[in-house]
Amino acid sequence: AVYCDSGLKRGALKQVLKRVYCRTYGHSDLHTHIRWRALENLLSANWLGVGSSVLEVGCSTGVISFEVARRYWDTKILAVDADQEAIEIADKTKSLNRVTNVEFRVLRVPGLEKFANETFDAVLLIDVIEHVNEDGILMKEIARVLKPGGVVVISTPTTNYPRVFGRRFHEMIGHVREGYWRRDLEDVLRNAGFGAVRCKPY
């Protein structure tokens, strides 16, 4: 909660809120909360039991992991990313906010061979798979580290992304493919051994 004097000018209030946001999440990436609003709807049901373990692949500075940690305080979350600087920001944010149920590690995907079979109850891939050349290998590794009955939640753009946001931006942020149509993503998942696939646009 933030208390602001009613006499505070609008610009000053905006700066205060931005500082609070940055302290809470490590940076001012508001776009991630668009993703979180979509993910939150999927997680609203009690899909994680007490003591569940979650892996987030491509966590960046940890915004999604922190949100899951707050909602599911009795869940252990391991969040990995290839970007050393992003992980350092996430660790600092974790320390500032005294978050105890998230661990951050530097890890380049696929690279999940470090984890034993059937380790995690859930895996989150939030706007990550479109950055990975070996998407099939990654999904096979995720299928391996998931416990029986485990769930993977994937967020990814459709192939319309470059037309909407521009090809220059699409390439600048490191997408290695246009995106996925539903049938293409389903093929990748089924080839990796996944069974039921549900799709929800947002």
Side-chain angles (χ1 to χ4, degrees), residues 1-3 17-129 131-132 138-139 141-156 194 198 200 202:
V2 182
Y3 172 77
L17 293 174
K18 185 173 181 181
R19 281 198 301 273
V20 171
Y21 185 95
C22 285
R23 180 183 172 88
T24 305
Y25 295 106
H27 66 110
S28 58
D29 176 18
L30 295 171
H31 175 67
T32 301
H33 273 90
I34 297 171
R35 300 180 188 125
W36 167 247
R37 282 201 299 273
L39 180 60
E40 188 177 23
N41 291 332
L42 294 174
L43 306 188
S44 59
N46 292 325
W47 68 293
L48 289 176
V50 175
S52 293
S53 58
V54 178
L55 173 67
E56 185 185 4
V57 177
C59 66
S60 184
T61 56
V63 173
I64 299 294
S65 286
F66 287 130
E67 290 288 5
V68 175
R70 287 186 182 97
R71 178 176 283 259
Y72 298 95
W73 58 269
D74 53 1
T75 291
K76 292 292 182 186
I77 302 157
L78 175 60
V80 300
D81 198 279
D83 188 336
Q84 173 81 44
E85 185 179 353
I87 293 297
E88 287 172 2
I89 292 170
D91 271 328
K92 184 176 179 181
T93 306
K94 172 186 170 178
S95 178
L96 282 170
N97 292 279
R98 299 178 182 174
V99 181
T100 59
N101 57 335
V102 183
E103 178 188 347
F104 293 99
R105 288 188 203 168
V106 177
L107 182 72
R108 183 174 297 278
V109 295
L112 301 183
E113 61 273 3
K114 299 173 189 280
F115 303 119
N117 294 353
E118 301 180 5
T119 301
F120 301 100
D121 296 287
V123 176
L124 305 178
L125 277 174
I126 310 304
D127 287 15
V128 170
I129 193 170
H131 296 266
V132 179
L138 174 62
M139 294 317 303
E141 278 294 278
I142 288 174
R144 181 184 64 79
V145 301
L146 270 175
K147 294 178 183 177
V151 176
V152 59
V153 179
I154 301 171
S155 165
T156 190
F194 286 93
R198 288 186 295 157
K200 183 177 181 181
Y202 76 94

Undergrad: Write down the atom of V145, the atom of L112, and the distance for their closest heavy-atom approach.
TA: CG1-O, 4.2 Å

Undergrad: What are the two closest non-hydrogen atoms of F104 and C59, and how far apart are they?
TA: CD2-SG, 4.0 Å

Undergrad: Check F120 against V54 and note the closest heavy-atom contact, atom names and distance.
TA: CD2-C, 3.9 Å

Undergrad: Checking S95 side chain against D91 main chain: does a donor-acceptor pair fall under 3.5 Å?
TA: no

Undergrad: Can you find a heavy atom in the side chain of L146 that is under 4.5 Å from one in the side chain of F194?
TA: yes

Undergrad: Pick one: which of T119, N117, D121 meets side chain to side chain contact (heavy atoms under 4.5 Å, CB included) with K147?
TA: D121

Undergrad: Does any N or O in the side chain of R70 come within less than 3.5 Å of the main-chain N or O of V99, such that one atom is a donor and the other an acceptor?
TA: no

Undergrad: Heavy atoms only: give me the nearest R105-I87 pair and the separation to one decimal.
TA: O-CD1, 3.5 Å

Undergrad: Distance from S53 atom OG to L78 atom CG, nearest 0.5 Å?
TA: 9.0 Å

Undergrad: Can you check whether G51's main-chain N or O pairs, donor with acceptor, with D74's side chain at less than 3.5 Å?
TA: no

Undergrad: For the residue pair L125 and L138, establish whether any side-chain heavy-atom pair is separated by less than 4.5 Å.
TA: yes

Undergrad: Shortest non-hydrogen contact from M139 to V152?
TA: CE-CG2, 4.3 Å

Undergrad: Is there a donor-acceptor pair under 3.5 Å between the side chain of E141 and the backbone N or O of E113?
TA: yes

Undergrad: In Å and rounded to the nearest 0.5 Å, what is the CG to CG distance from L55 to L107?
TA: 8.5 Å

Undergrad: Kindly give the heavy-atom pair with the smallest separation between T61 and F66, and that separation in Å.
TA: O-CE1, 3.7 Å

Undergrad: Give a yes or no on whether the backbone of V68 and the side-chain of T75 come within a donor-acceptor separation of less than 3.5 Å.
TA: no

Undergrad: Roughly how far, to the nearest 0.5 Å, is CG of D81 from CD of E88?
TA: 12.0 Å

Undergrad: I need the I64 CD1 to I77 CD1 distance, nearest 0.5 Å.
TA: 11.0 Å

